[in-house]
Amino acid sequence: MHEKQATSPEEAGDSRLGMTSTADEVLSGIDLRGKRILVTGVSSGIGVETARSLAARGAQVIGTARDLGKAADATAPVRAAVAGGGLELVALDLASLASARSCADALVRDGRPFDVVIANAGVMATPLGRTRDGFETQLGTNHLGHFVFVNRLAPLIADGGRVVVVASASHRSANFTLDDLNFERTAYEPGIAYARSKTANILFAVEFDRRHKSRGVRATAVHPGTVRTELGRHIGLEAMDQILQRISVDLVAQGQPPFQWKSVPQGAATTVWAGVVATSTEVGGRYCENCHVSEVVDRAVSPVAEGVCSYALDPETARRLWSKSEELVGEHF
């Protein structure tokens, strides 16, 4: 897919990519001129930084946002600074299947292919609510909106292209179940709903990868790390700090370094690494963090430790979720 670029960190001139790497460091030596990349959620935080870093290397970036005015303000410096690349904004509300279909269909009619699609947008720990289609807010926005949008875009993804789905280590917070995804019969817990939506993101990448790898299109899921962004606004910064202070105390008691937030540029690093630097066979159908593929960890670990639960990568669960998602959205792919 990227014949003119380096295909590994070593070839890109840096064998030390990891937890503290930034998106610019990951993309050092990478030429993305002629590449067209879509990024959802470019109105703040990691989405803006992802778009900026890719456009700075020459890519033509299409960024989606629910609020185009907010996105225009957030990306104004990016659009002013990019040389050789560019950033175009389009409207997309992932909490509305009609919006997901309309946006995807407009891009398909335009006909220009994408080399990479990055499903970055999302919400976290929201109060109980419903999308315009009646789905629990986090399931509907994080998973089902992207499920419809990315699948409708699939014909535009060039052979050898890639899909990157931004998930989270929070998937380990709750065993995944297909029962009562909308919390219609069980008590709603914001953190559990978020964890399940992030597991759904990973499973979507697993099944999308299986379905499209015959033409070289690979899909992968990534965890950006713990970053102080607008995503945590429903939890509150004070509550987040208290949680992470307790985690830090536990880490120090175990002889490990204390917790440190990742910066936004560090949070975007694994996304761009998985999208345009790592080899497709390395990341296809996998879960990545800190600029490498994660190991399966099915034991209790620190919330800020590395590792992916096996249920998030299980191919049979991925197939069942795909079928259930098709049933929920009333569309087959």
Side-chain angles (χ1 to χ4, degrees), residues 1-9 11-12 26-27 29-40 50-51 53-55 57-64 84-88 90 92 100-101 103-120 146-167 201-222 270-288 291 293 313 315 318-319 322 325-326 331-333:
M1 176 176 65
H2 307 294
E3 295 83 2
K4 295 182 180 180
Q5 20 173 327
T7 56
S8 70
E11 292 174 55
V26 169
L27 294 175
I30 302 295
D31 183 358
L32 294 176
R33 285 176 294 181
K35 302 302 177 184
R36 197 160 181 262
I37 301 174
L38 185 142
V39 183
T40 67
T50 300
S53 63
L54 294 167
R57 291 292 169 185
Q60 180 65 41
V61 179
I62 308 302
T64 79
L87 174 60
E88 175 187 345
V90 296
L92 169 63
R101 289 170 177 138
C103 182
D105 291 351
L107 291 168
V108 170
R109 286 194 300 271
D110 176 75
R112 287 175 290 173
F114 289 105
D115 296 283
V116 184
V117 172
I118 298 173
N120 165 81
H146 276 125
F147 179 79
V148 168
F149 181 66
V150 176
N151 272 316
R152 284 197 168 217
L153 281 185
L156 282 185
I157 302 174
D159 290 354
R162 204 166 298 182
V163 171
V164 179
V165 185
V166 177
N201 286 155
I202 303 169
L203 291 166
F204 170 60
V206 169
E207 180 63 4
F208 191 95
D209 182 79
R210 184 188 72 82
R211 288 168 174 254
H212 294 274
K213 63 184 177 182
S214 61
R215 65 183 183 96
V217 174
R218 306 304 302 267
T220 187
V222 302
T270 302
T271 297
V272 299
W273 175 80
V276 301
V277 177
T279 62
S280 61
T281 53
E282 181 180 8
V283 299
R286 308 294 290 278
Y287 170 91
C288 310
C291 301
V293 174
L313 297 174
R319 284 191 285 269
W322 188 284
S325 299
E326 290 181 325
E331 191 168 355
H332 294 277
F333 300 103

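These values consider heavy atoms only, across backbone and side chains, with no hydrogens, waters or symmetry-generated copies. Here, residue 1 is the first one in the sequence, and each next residue gets the next number.
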Hey, what do you get for CZ (Arg101) to CD (Glu331), rounding to the nearest 0.5 Å? 4.5 Å
To check you understand the geometry: which heavy-atom pair defines the closest contact between Ala154 and His212, and what is its length? CB-CE1, 3.8 Å
Value rounded to 0.5 Å, distance of CG in Asn151 from CD1 in Ile157: 8.5 Å
Report yes or no: does Arg112 contribute a side-chain atom to a donor-acceptor pair with the main-chain N or O of Arg36 at less than 3.5 Å? no
Stepwise side-chain contact (heavy atoms from CB on, under 4.5 Å) check, Arg57 with Val272: CA-CA 11 Å; Arg57 291 292 169 185; Val272 299; over 6 Å; no
Whether the side chain of Thr220 engages the backbone of Gly285 through a donor-acceptor N/O pair (distance < 3.5 Å, no angle test) should be reported. no
If you look at every heavy atom in Ala318 and Val206, which pair is closest and at what distance? CB-CG1, 3.9 Å
Value for OG1 (Thr281) from NZ (Lys213), rounded to nearest 0.5 Å, stands at 11.0 Å
Looking only at heavy atoms, the pair that brings Cys288 and Val283 closest together is SG-CG1, 3.8 Å
What pair of heavy atoms forms the shortest contact from Leu87 to Ala51, and how long is it? CD1-CB, 4.2 Å
Quick one: which of Val166, Val165, Leu54, Val39 gives a side chain to side chain contact (heavy atoms under 4.5 Å, CB included) with Thr271? Val166
Can you see which heavy atom on Thr270 is nearest to which on Cys291, and at what distance? OG1-N, 3.1 Å
For Asp209, is there an ion pair with Arg218 - N to carboxylate O distance below 4.0 angstrom? yes
CG of Leu107 to CZ of Phe149, rounded to nearest 0.5 Å, is 5.5 Å
Leu32 and side chain to side chain contact (heavy atoms under 4.5 Å, CB included): which single residue from Val276, Asp115, Val61 fits? Val276
Once rounded to the nearest 0.5 Å, what's the spacing between atom CG of Asn120 and atom OG1 of Thr64? 8.5 Å
Step by step, work out the side-chain contact (heavy atoms from CB on, under 4.5 Å) result for Val222 and Trp273. CA-CA 10 Å; Val222 302; Trp273 175 80; over 6 Å; no
Over 60° means perpendicular and under 30° means parallel, so classify the ring planes of Phe208 and Trp322, tilted if in between. tilted
Show the nearest heavy-atom pair for residues Ala219 and Ala205, with the distance to one decimal. CB-O, 3.4 Å
Please test Leu313 against Ile202 for side-chain contact (heavy atoms from CB on, under 4.5 Å), starting from the C-alpha separation and ending with a verdict. CA-CA 7 Å; Leu313 297 174; Ile202 303 169; 3.8 Å; yes
dist Leu153:CG -> Asp105:CG (nearest 0.5 Å) comes out at 9.0 Å
Can you check whether Ala100's main-chain N or O pairs, donor with acceptor, with Arg152's side chain at less than 3.5 Å? no
